[in-house]
Amino acid sequence: MRIDVVTIFPAYLAPLDEALVGRARRAGLLDVRVHDLRRWATGVHKAVDDAPYGGGPGMLMTAPVWGAALDEVAGSGEGVPRLLVPTPAGAPLTQRRAASWASEPWLVLACGRYEGIDARVLDDARRRMPVEEVSLGDYVLAGGEVAALVVVEAVSRLVPGVLGNPASAELDSFAEGTGGLLEAPAYTRPERWRDLDVPEVLRGGNHAVVDRWRRDRSLERTAAVRPDLLDALLARHGAAAFD
Ligand SMILES: Nc1ncccc1[N+](=O)[O-]
C-alpha cells in the first residue's frame, strides 16, 4: 500500500519512520511518502494561507497551493488514490473505516493547518478521486498532522503482513473478533504481583471457559464505559449479541 501525506510540517510525520510503520516501510509492505506543501507555494514568501472571505478569525490554506500539490501527488502513481482529510468537521474515525482503508492500494492524506483549507480544494478533488473527511473526535487540534499519524497507524496495522500475528488485530477492541465490544483485561507473568493474582480461570487452560470469561469481562467493561456500543450491538443483533 502506498500512503502519501501532504503537510507544511513534514517533521511532524517523523514518527512514521519508527516502530510498526517504520518496520513495515523497510520491509516494503508500506510505501509512505511525506511531502512539504510549500513545494507548491509560489512567491518570495511561499505563502500557503490567506484571509477568509466573509471575515472571521484566522487564516485559510489557499486553493491554488493545494490544487497544485494534489494534482502532482495524486497524479504520480498507478490509478487514483482515496483522499483522506483529517478535520473536526469530518465523520468519526472508526475501526471499520480504518479496515476499509487498509484494503485500498493508495491513500493520500491532506493535513490542514490554520482554520482549514479552502472548500473548493475538496470540491475539485471529488471530481477526480474519492474524498473522505475524518475526525478523531470532538476536540480541536492545531492541524491535521497528529490525526494523520493516527490514521496511518490504525490503517497500517491492518495491512496484511504488517502485524506479526494477524490474529491479534482480530481481538482488538471494536474488532469483529470481539463482537464490537471493548477488549477484556489481559494478564501475563508473573502469576502473582504485589498481592494481585492472575484470574484463576486464565491459568486453567480450558479455552471454552477462558473465551466465556473474556466475553463476560468485555461485556462488563463495555457496559461500564461505552454503553453506546452495547446499544448499537443490540440494535444490530438483538439480544443474541450477548450470547
Ligand atoms: N480534531 C481535529 N482538529 C484539527 C484537525 C483534525 C482533527 N481531527 O480530529 O481529525
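Remember, it's 1-based here, ligands and their atoms both numbered in the order they're listed. Values below: all heavy atoms of this structure, side chains included; hydrogens, waters and symmetry mates excluded.
The cationic atom of Arg113 (NZ for Lys, CZ for Arg) lies less than 6.0 Å from the six-membered ring centre of Tyr12 and within 45° of the ring axis.
Protein heavy atom nearest atom 8 (N) of ligand 1, with residue, atom name and distance: Leu136 N, 3.5 Å. Taking atom 3 (N) of ligand 1 as the reference point, the nearest protein heavy-atom neighbour is Leu141 N, 2.8 Å. Atom 5 (C) of ligand 1 has as its closest protein heavy atom Gly143 O, 3.4 Å. Ranking the protein heavy atoms by distance from atom 1 (N) of ligand 1 puts Tyr139 O, 2.7 Å first.
If you number the atoms of ligand 1 from 1 as listed, the ones under 4.0 Å from a heavy atom of Ala147 come out as 10 (O). When each atom of ligand 1 is checked for a heavy atom of Pro86 under 4.0 Å away, the hits are 6 (C), 10 (O). Heavy-atom proximity to Gly137, at under 4.0 Å, picks out these atoms of ligand 1: 1 (N), 9 (O). Listed by number with element, the atoms of ligand 1 under 4.0 angstrom from any heavy atom of Val140 are 3 (N).
The residue Leu93 has no part lying near ligand 1, judged by heavy-atom distances below 4.0 Å. Under 4.0 angstrom from ligand 1, the non-hydrogen atoms of Ser135 come from both its backbone and its side chain.
Under 3.5 Å, the side chains of Arg2 and Ser76 contain a donor-acceptor pair of N or O atoms. A donor and an acceptor atom, one from each side chain of Trp106 and Asp4, are located under 3.5 Å apart.
Residue Val134 places a heavy atom under 4.0 Å from ligand 1.
Contact annotation: the side chain of Asn206 never approaches that of Val201 to less than 4.5 Å [non-hydrogen atoms, C-beta and beyond]. Contact of the His35 side chain with the Glu72 side chain is not registered, since no non-hydrogen atoms from C-beta on lie closer than 4.5 Å. A 4.5 Å side-chain heavy-atom check between Val5 and Pro10 finds every atom pair outside the cut-off.
Under 4.0 Å is where a charged nitrogen must lie from a carboxylate oxygen, and between Asp216 and Arg212 at least one such pair does.
Under a hydrophobic clustering in which Ile, Leu, Val, Met, Phe, Trp and Tyr are joined whenever their side-chain heavy atoms come within less than 4.5 Å, directly or via other members, Val85 and Phe9 fall into the same cluster.
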